[in-house]
2 protein chains.
Amino acid sequence: MNERQKDILQAIINTYITTAEAVGSRTVAKKIGYILSPASVRNVMSDLEEMGYVRQPHTSAGRVPTDTGYRCYVDSLMDAYEPDPEEQHRIEQFYQAKIKQIEDFMGVSSRLLAILTRYTAIVQTPKMDTERIKRVELVPLSSEKVLVILVTNVGDVKKNVAVLPMEMTGLEIEQLARFLNDKLDTLSLADARSLLGSFLDSEDVLDERLASLALEILEEVLSEEKPRDVYLDGMENIFDQPEFRNVDLVRPVLRVLDEKVRLNTLIEWCVAESDPAEVCIRIGSENPLDDVRSCSIVASPYRIGGRTTGAVGVIGPTRMHYSRVISLVALIADKLSHVLTEMSGGE
Amino acid sequence: MNERQKDILQAIINTYITTAEAVGSRTVAKKIGYILSPASVRNVMSDLEEMGYVRQPHTSAGRVPTDTGYRCYVDSLMDAYEPDPEEQHRIEQFYQAKIKQIEDFMGVSSRLLAILTRYTAIVQTPKMDTERIKRVELVPLSSEKVLVILVTNVGDVKKNVAVLPMEMTGLEIEQLARFLNDKLDTLSLADARSLLGSFLDSEDVLDERLASLALEILEEVLSEEKPRDVYLDGMENIFDQPEFRNVDLVRPVLRVLDEKVRLNTLIEWCVAESDPAEVCIRIGSENPLDDVRSCSIVASPYRIGGRTTGAVGVIGPTRMHYSRVISLVALIADKLSHVLTEMSGGE
DNA sequence: GCTTGGCACTCTGGGCTTCAGAGTGCTAAT
DNA sequence: ATTAGCACTCTGAAGCCCAGAGTGCCAAGC
């Protein structure tokens, strides 16, 4: 692709992103400052169509970018967007509001992202298995049921009702809890599990008995089977988009947004196999779920102390203001990484 | 309103509920078994219109029920619906799946309600202040922050990060925790709060000091300020309804569903000032929020040991299959009351 | 006196045509 | 290689027509 073609593709996409209407040669000519006549522009546009970057909704309509067109745009054509200071200020202000818990923080982040981008924001809660165990509490609910509560260094809490393999007295449970706190303190969830496993072959009979009991009880809390919580905000922004005026087009998208499980897989798939330090972009047909083939997703993983532990993203039409969204997603992901790392720092 | 008018209004609404199309005199005549000619039916329909129970979308169209029409219908005309045994069985089966925690239970209930009604289900989590304190845990996160965890008899967990008014050692915090568990065990949240207050005038200086500290730390956990969690399911069912083919009509509804806070107020408003033992129905304009004036809400409070502690409901178009929805909502609310009461029973 | 068949009237919505507007592709001239 | 000119094409809004469905009213009938 030569310079001229790039310029024109860029002009087409920039225009289309704001107008949502097929872009004609005259408009492009004006946009590039009349350095070419509409007729010449037409020739180039015809080339671009052959190359698959744009298409015509019908003969004698202007051109509309294809998914490949957008791909090329985000990879090399788009202008970088730097959030203006006023916006930065607004973000900081938003975060000033009383945020003490992880949950508040997730909530504020998704709200902020939705408001600023005017698309739909998705914020995944941190994967707990990179966090470290701070405390294990066992609260007996009845003679055969006990509530297991796991507190991590981030202040995250995970809980599960476990059925005891046998009746236990309050004292025995206390003993078990002491044993657990003793052994598991500051371990990650994965490490905790394997450590308990190793105790099963222990010399100490008491340890062995306690460990087998513990494994049974902690089974579910230690595993990552349950779908992670996901914060969603700005769902109704979808309706602002002219391409979603038709109910049948919104429907599949909403079906995905309605289900936390699918939302989780979606965003995980998006940031998978990509540089963890970068914002990743999945355009329309690049997405794995058929239901969101008409959408683009801009997502970024966030980290706790260097280790990726969750992701944050935005979903909107393929005709998305990519540069702006990318910079905002990056900003929020960064903020998340910072604050969570700080939270887990222990100070 | 005489018998004949009732019969005809009933016929109109029953037909309209399934077809979503204005009902003409011929259709009604057929529906009531041709005991009256279409012409006579027309006369009655004209009366009903004057009385405000039905209206014509335009001259020479059939009749459509008004909100008052529906109100009359649910109050006295509608046939009772009894869920068939197969359905009952299906519900039980659904609840068989491993449900150990309150959260699973809420999730299953909302999913079930959405699937069975084909509308959107809303399930409020229990109000904690009727539950009783089972355990208070304090986990120091740093020298000035401590994670407060409150466990209730239902196995519900509430947590909050509290900032300590002064630096405290681990031992001191343990002492405080012991004090709290000692004093607050089996108290309701409200009672706990007032009890701590009373300690402030205590003779015992140690008690007084601890209590003032505790009050500060427990402030947020004990108060009900945070919006309760709400489970939502079957959002995309809205699109099945022909009256919501237009995006502009779905939009306001979705705006409400997107925001937990508004959802909470909505459902609370619905069950408020009504017999706690009954399913309540809010039809269209009877709703407090403008955004859901095109919807009806069928909701029912559920109880833990006789005390109302939350609500469950369904939101859909005013043209709703009321009798069916009412019986299903009642059924689920009942199930919730049962299971939660059992959970809190302490056995 | 209620009920009903008959009839004229009305409104909607789909189908058809028309037409301006926007945009293209091609060709010939520069 | 670029571009002005021109014929061609497609959309979408506007206007029109007409069948269909339904009403309201009137006068005849039980």
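Reminder, nothing fancy here: chain letters follow the sequence lines and each chain counts from 1.
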Legend entry - Near-strand residues of residues 25-38 of chain B, defined as heavy-atom separation under 4.0 angstrom from DNA chain C: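 By residue number: B:L36, B:S37.
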Legend entry - Under the ring pair (Phe, Tyr, Trp, His ring centres under 6.0 Å) test, residues paired with A:Y322 that sit two or more places apart: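 With sequence neighbours excluded, A:Y322 shows a ring pair (Phe, Tyr, Trp, His ring centres under 6.0 Å) to A:Y70, given in chain and number order.
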Inset, instruction - Hey, could you give me each pair passing salt bridge (Lys or Arg N to Asp or Glu O under 4.0 Å) that has a residue in residues 54-63 of chain A? Not counting sequence neighbours. - result: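 Pairs touching residues 54-63 of chain A that pass the test: A:E49-A:R63.
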[X]: which residues meet the salt bridge (Lys or Arg N to Asp or Glu O under 4.0 Å) condition with it, sequence neighbours left out?
X      : value
B:E21  : none
A:E278 : none
B:R4   : none

Legend entry - Nucleotide interval of DNA chain D bounded by contacts with chain A (heavy-atom cut-off, under 4.0 Å):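 Reading along DNA chain D, I get D:dT2 to D:dT11.
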Inset, instruction - Using a cut-off of 6.0 Å, state whether more than 12 heavy atoms not belonging to A:R255 lie near its atom CZ. - result: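 Yes, CZ of A:R255 has more than 12 neighbouring heavy atoms, counting only those of other groups under 6.0 Å.
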Inset, instruction - Indicate yes or no: does A:D75 engage A:R71 in a salt bridge with an N to O separation below 4.0 Å. - result: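 Answer for the salt bridge query: yes.
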Inset, instruction - Classify the side chain of B:R42 versus the base of C:dG5 as yes if they form a donor-acceptor pair under 3.5 Å and no if they do not. - result: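 Under the 3.5 Å cut-off, the side chain and the base do not form any donor-acceptor pair.
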Inset, instruction - With a 4.0 Å heavy-atom cut-off, tell me which residues in residues 60-68 of chain B come close to DNA chain D, sorted by residue number. - result: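 The answer is B:S60, B:A61, B:G62, B:R63.
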Inset, instruction - Name every residue in residues 6-13 of chain B that has at least one heavy atom under 4.0 Å from any atom of DNA chain D, in order of residue number, or write none if there are no such residues. - result: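 Heavy-atom cutoff 4.0 Å gives no residues at all.
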Inset, instruction - Give B:S40 one of three labels, base, sugar-phosphate or nothing, depending on what nucleic acid heavy atoms sit under 4.0 Å from its own. - result: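 The residue B:S40 makes base contact.
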Anything under 3.5 Å between a donor and an acceptor, one on a side chain of residues 245-254 of chain B, the other on a protein residue two or more places apart or in another chain? List them.
residue, atom, partner, partner atom, Å
B:R245, NH1, A:D248, OD1, 3.3
B:R245, NH2, A:D248, OD1, 3.4
B:R245, NH2, A:D248, OD2, 2.8
B:N246, OD1, B:D248, N, 2.8
B:D248, OD1, A:R245, NH1, 3.2
B:D248, OD1, A:R245, NH2, 3.4
B:D248, OD2, A:R245, NH2, 2.8
B:R251, NH1, A:D240, OD1, 2.9
B:R251, NH2, A:D240, OD1, 3.1

Please answer whether the main-chain N or O of [Y] pairs with a side-chain N or O of [X] as donor and acceptor at a distance below 3.5 Å.
X      : Y      : answer
A:T120 : A:G234 : yes
B:N287 : B:L289 : no
A:S46  : A:R42  : no

Legend entry - ring pair (Phe, Tyr, Trp, His ring centres under 6.0 Å) contacts in which one or both residues fall within residues 26-62 of chain B, not counting sequence neighbours: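 Qualifying pairs: none.
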Legend entry - Listed partners of A:N14 passing side-chain hydrogen bond (donor to acceptor under 3.5 Å, both in side chains), at least two apart: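 By the side-chain hydrogen bond (donor to acceptor under 3.5 Å, both in side chains) rule, A:N14 matches A:Y73.
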Legend entry - Nucleotide C:dT27, atom C1' - distance to CG of A:N43 in whole Å: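 Distance check: A:N43 CG to C:dT27 C1' gives 12 Å.
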